[in-house]
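All chains are named by letter (A, B, ...) in the order of the sequence lines, taking the proteins before the strands, and each is independently numbered beginning at 1. Predicted, not measured: the structure shown is a model, and the values here were computed from it.
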Amino acid sequence: MTIRDVVELLKAEVICGEEFLDNEIKSACGCDMMSDVLAFVKTQPMLLTGLVNPQVIRTALMMDMKCVAFVRNKKPDEKVIGLAKEHEIVLLSSPYRMYDACGVLYTSGLRGEGACE
Amino acid sequence: MSQSNSILWSFDVDGKNFDSAGFASQSTKFKLRQLGLNGDIIKRVAIAMYEGEINMVIHAEGGVANVEVDEDKIIITLTDTGKGIADIEQAMREGFSTATEEIRDLGFGAGMGLPNMKKNSDELIIDSAVGKGTKVTMIFAI
């Protein structure tokens, strides 16, 4: 699905990256522990998280991710938004809680990478 | 030993500023891309260096990050004068962490940093002395 589809499904507000909404997203992951994102995520281009500090963007950047969706209506500050803009990462803010946000996307066909090795 | 045609750069890692942690890794990723290296090795270097950089900030009040790109390898050296690692074997174990609750609230300190640096690099060398500091060397074959 496209990031635009994600926006619709998550009833999300687009914080930045409007110009990239037609980009395709093939899988996603949900995690609040950036250490675990760095250690366990493989190729998912989208992260759902409840954290809003700059390290979320840096983690996404290191992992070649294209989109970060903040759950529970969370929104980062201007500095974090600036970092995402600089690296062309789309930021979304959804009113859903993490479990529900992941569930909505999963049942709409956006899967993860299954069990850890 | 540096070869004459190797490319070098370095960063001071500010240990007092968690917000800027990762800047050295982010810049290194950009430079490696400019050098035309393949995406897989760039991602491995970026992840491992970022883990090391975060460690320098949360455990050692910063330090220096050096990057050397040779024809056949990339060498990342992270040097700090922090408190050192008392038991390296224990520190290498997945899930072991001495990070504070505040650091965990920021999404780090799961005890995956060093194991992940080992997983992503081809060689990881840790030289540490309690009270003196730590030098982490990671080598990536190109």
Side-chain angles (χ1 to χ4, degrees), chain A residues 23 26-27 29-72 74-89 91 98 102 113 115-117, chain B residues 13-14 17-30 32-33 38-59 76 92-99 101-121:
Chain A
N23 288 355
K26 291 205 169 110
S27 63
C29 61
C31 194
D32 281 350
M33 202 67 191
M34 294 306 112
S35 294
D36 280 353
V37 174
L38 291 164
F40 294 106
V41 173
K42 287 185 179 164
T43 56
Q44 288 97 320
M46 177 177 171
L47 169 69
L48 291 95
T49 186
L51 286 189
V52 291
N53 70 60
Q55 300 312 334
V56 173
I57 310 300
R58 290 228 169 78
T59 298
L61 181 62
M62 302 307 160
M63 302 303 291
D64 295 327
M65 288 174 166
K66 307 292 175 211
C67 178
V68 177
F70 301 109
V71 294
R72 304 187 290 274
K74 300 221 175 176
K75 288 193 186 87
D77 65 21
E78 282 305 318
K79 209 162 52 180
V80 173
I81 297 169
L83 192 59
K85 280 183 182 163
E86 188 188 333
H87 297 286
E88 302 185 344
I89 293 171
L91 297 186
M98 177 72 105
C102 293
E113 260 180 0
C116 293
E117 281 156 18
Chain B
V13 176
D14 181 356
N17 187 352
F18 183 77
D19 282 2
S20 67
F23 181 77
S25 309
Q26 169 191 324
S27 305
T28 293
K29 184 172 189 184
F30 183 74
L32 293 177
R33 248 189 219 148
N38 85 54
D40 173 62
I41 193 168
I42 293 175
K43 190 170 173 184
R44 288 196 293 120
V45 169
I47 292 171
M49 186 175 174
Y50 180 53
E51 293 271 23
E53 198 181 344
I54 290 283
N55 274 349
M56 287 169 96
V57 174
I58 65 182
H59 296 296
I76 310 281
M92 287 302 301
R93 217 174 292 149
E94 285 189 11
F96 178 82
S97 176
T98 56
E101 215 39 58
E102 285 91 337
I103 295 301
R104 283 168 212 258
D105 287 346
L106 291 164
F108 290 90
M112 294 304 298
L114 285 172
N116 203 22
M117 287 155 74
K118 188 178 170 68
K119 188 179 97 185
N120 280 288
S121 60

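- Judged by distance alone, the side chain of B/K43 and the main-chain N or O of A/M62 form no donor-acceptor pair under 3.5 Å.
- The two residues B/G109 and A/S35 make their nearest non-hydrogen contact at N-OG, 3.3 Å.
- Options A/V56, A/L83, A/N53 differ in how many heavy-atom pairs under 4.5 Å they form with chain B, and the most are formed by A/N53.
- Contact count versus chain A (heavy atoms, under 4.5 Å) is highest, among B/A48, B/G113, B/S20, for B/S20.
- For B/E51, the part lying near chain A is the side chain, with the backbone staying farther off; criterion is any non-hydrogen pair under 4.5 Å.
- For the pair A/D64 and B/R33, the salt-bridge criterion is met [side-chain N within less than 4.0 Å of a carboxylate O].
- With a 4.5 Å cut-off on non-hydrogen atoms, B/S97 does not touch chain A at all.
- Heavy atoms of A/T49 lying under 4.5 Å from chain B are absent altogether.
- For B/E94, the CD atom is loosely surrounded, since the number of other residues' heavy atoms within 6.0 Å does not exceed 12.
- Checking side-chain atoms of A/Q55 against main-chain N and O of B/F18 turns up a donor-acceptor pair under 3.5 Å.
- We find the CE-CE distance between B/M112 and A/M34 to be 14.5 Å, quoted to the nearest 0.5 Å.
- With hydrogens and angles disregarded, a donor-acceptor distance shorter than 3.5 Å links the side chain of B/N116 to the backbone of A/L38.
- To the nearest 0.5 angstrom, B/F108 atom CZ is 10.5 Å from A/D36 atom CG.
- With a 4.5 Å cut-off on non-hydrogen atoms, B/Y50 touches chain A through its side chain but not through its backbone.
- Of all the listed residues (B/N120, B/L106, B/V45, B/I42), the one sharing the greatest number of non-hydrogen pairs under 4.5 Å with chain A is B/L106.
- Annotation: maximal heavy-atom pairing with chain B below 4.5 Å, among A/V52, A/V80, A/L51, occurs at A/L51.
- Atom-to-atom distance recorded for A/R58:CZ and B/D19:CG is 8.0 Å, nearest 0.5 angstrom.
- Contacts of B/I54 with chain A are made by side-chain atoms alone, with heavy-atom separations under 4.5 Å and no backbone atom involved.
- Salt bridge status for A/D32 with B/R104: absent, with no side-chain N to carboxylate O gap under 4.0 Å.
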